[in-house]
Amino acid sequence: MRVEERLYTLRYKRDEKPHLEIKDQANCAKCYDTYKSPCITVCPANVYSFTEGKIVISYENCLECGACKIVCPFNNIIWRYPRYGLGISLRYG
Ligand code: SF4
Ligand code: SF4
């Protein structure tokens, strides 16, 4: 099954409260210059983008894989699961 087909099997219930946050945007600016922001590279769902000197998080697209938290060189991401019943769920599972 292709990745696009697998993604189609997911459903997302939006949590109004973002489950991902940046601790300090100044670290992201440094990271972008030094490490090219690995969160952008590693995220399979294009949740992170760097715009006007800041990291923007489209948390609604998150697949809850946890990769961004692991690769962040500044430990700069506050990562929680969405609140109970919200976030991704498997359509056939
Ligand atoms: Fe910011 Fe971490 Fe992403 Fe770097 S990897 S841009 S420090 S959130
Ligand atoms: Fe992207 Fe995974 Fe991080 Fe969600 S947990 S933002 S899908 S890398």
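Counting starts at 1 for both ligands and their atoms, in listed order. One-based numbering along the sequence shown. Everything numeric here is computed off the predicted structure, so don't read it as measured data. Scope of the values below: all heavy atoms of this structure, side chains included, with no hydrogens, waters or symmetry mates.
Numbered from 1 in the order shown, with element, the atoms of ligand 1 that lie under 4.0 Å from a heavy atom of I22 read 8 (S). Which parts of ligand 1 touch I55 is read off a 4.0 Å heavy-atom cut-off, strictly below it: atoms 6 (S). Distances below 4.0 Å separate heavy atoms of L20 from the following atoms of ligand 2: 6 (S). Taking every heavy atom of W79 and a limit of under 4.0 angstrom, the matching atoms of ligand 2 come to 5 (S). Close contacts of ligand 1 with F74, meaning ligand atoms under 4.0 Å from a residue heavy atom, involve 7 (S). Listed by number with element, the atoms of ligand 1 under 4.0 Å from a non-hydrogen atom of N76 are 1 (Fe), 7 (S). Using a 4.0 Å cut-off to heavy atoms of I77, the atoms of ligand 1 that qualify are 8 (S). Each of the following atoms of ligand 1 lies closer than 4.0 Å to a heavy atom of P73: 5 (S). Counting the atoms of ligand 2 from 1 in the order shown, those under 4.0 Å from a heavy atom of G66 are 2 (Fe), 5 (S).
D33 CG: more than 12 foreign heavy atoms inside a 6.0 Å radius.
Hydrophobic clustering keeps L86 apart from Y12 (ILVMFWY residues linked when any side-chain heavy atoms are closer than 4.5 Å, directly or through intermediates).
Of the protein's non-hydrogen atoms, the one nearest atom 6 (S) of ligand 1 is S37 OG, 3.3 Å. Considering only non-hydrogen protein atoms, atom 4 (Fe) of ligand 1 sits nearest to C31 SG, 2.3 Å.
Closest to atom 2 (Fe) of ligand 1 by heavy atom, among C28, A26, C72, is C72.
Looking at K69 against ligand 2, nothing comes within 4.0 Å, counting heavy atoms.
Across I88 and C62, no two heavy atoms sit closer than the pair CG2-O, 3.5 Å. P73 and C31 get closest at one heavy-atom pair: CG-SG, 3.8 Å. Across all their heavy atoms, A45 and N61 have their closest contact at CB-O, 3.3 Å.
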Quiz prompt | side-chain contact (heavy atoms from CB on, under 4.5 Å) evaluation trace for I55 with N76 | solution = CA-CA 11 Å; I55 284 287; N76 201 27; over 6 Å; no

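Summarising the geometry, atom CD belonging to E64 is positioned 7.0 Å from atom OH belonging to Y81; distances are rounded to the nearest 0.5 Å. To the nearest 0.5 Å, atoms NZ (K54) and CD (Q25) are separated by 6.0 Å. Taken from CD1 in I22 to SG in C28, the straight-line distance is 4.0 Å, to the nearest 0.5 Å.
Side-chain atoms of P18 and L20, non-hydrogen and from C-beta on, never get closer than 4.5 Å to each other.
Using a cut-off of 4.0 Å between Lys/Arg side-chain N and Asp/Glu carboxylate O, E21 and K23 are scored as not salt-bridged.
The count of protein N, O or S atoms under 2.8 Å from atom 1 (Fe) of ligand 2 stands at 1, with waters excluded from the count.
Ring orientation note: the planes of Y35 and F74 are nearly perpendicular, at an angle over 60° on the 30°/60° scale.
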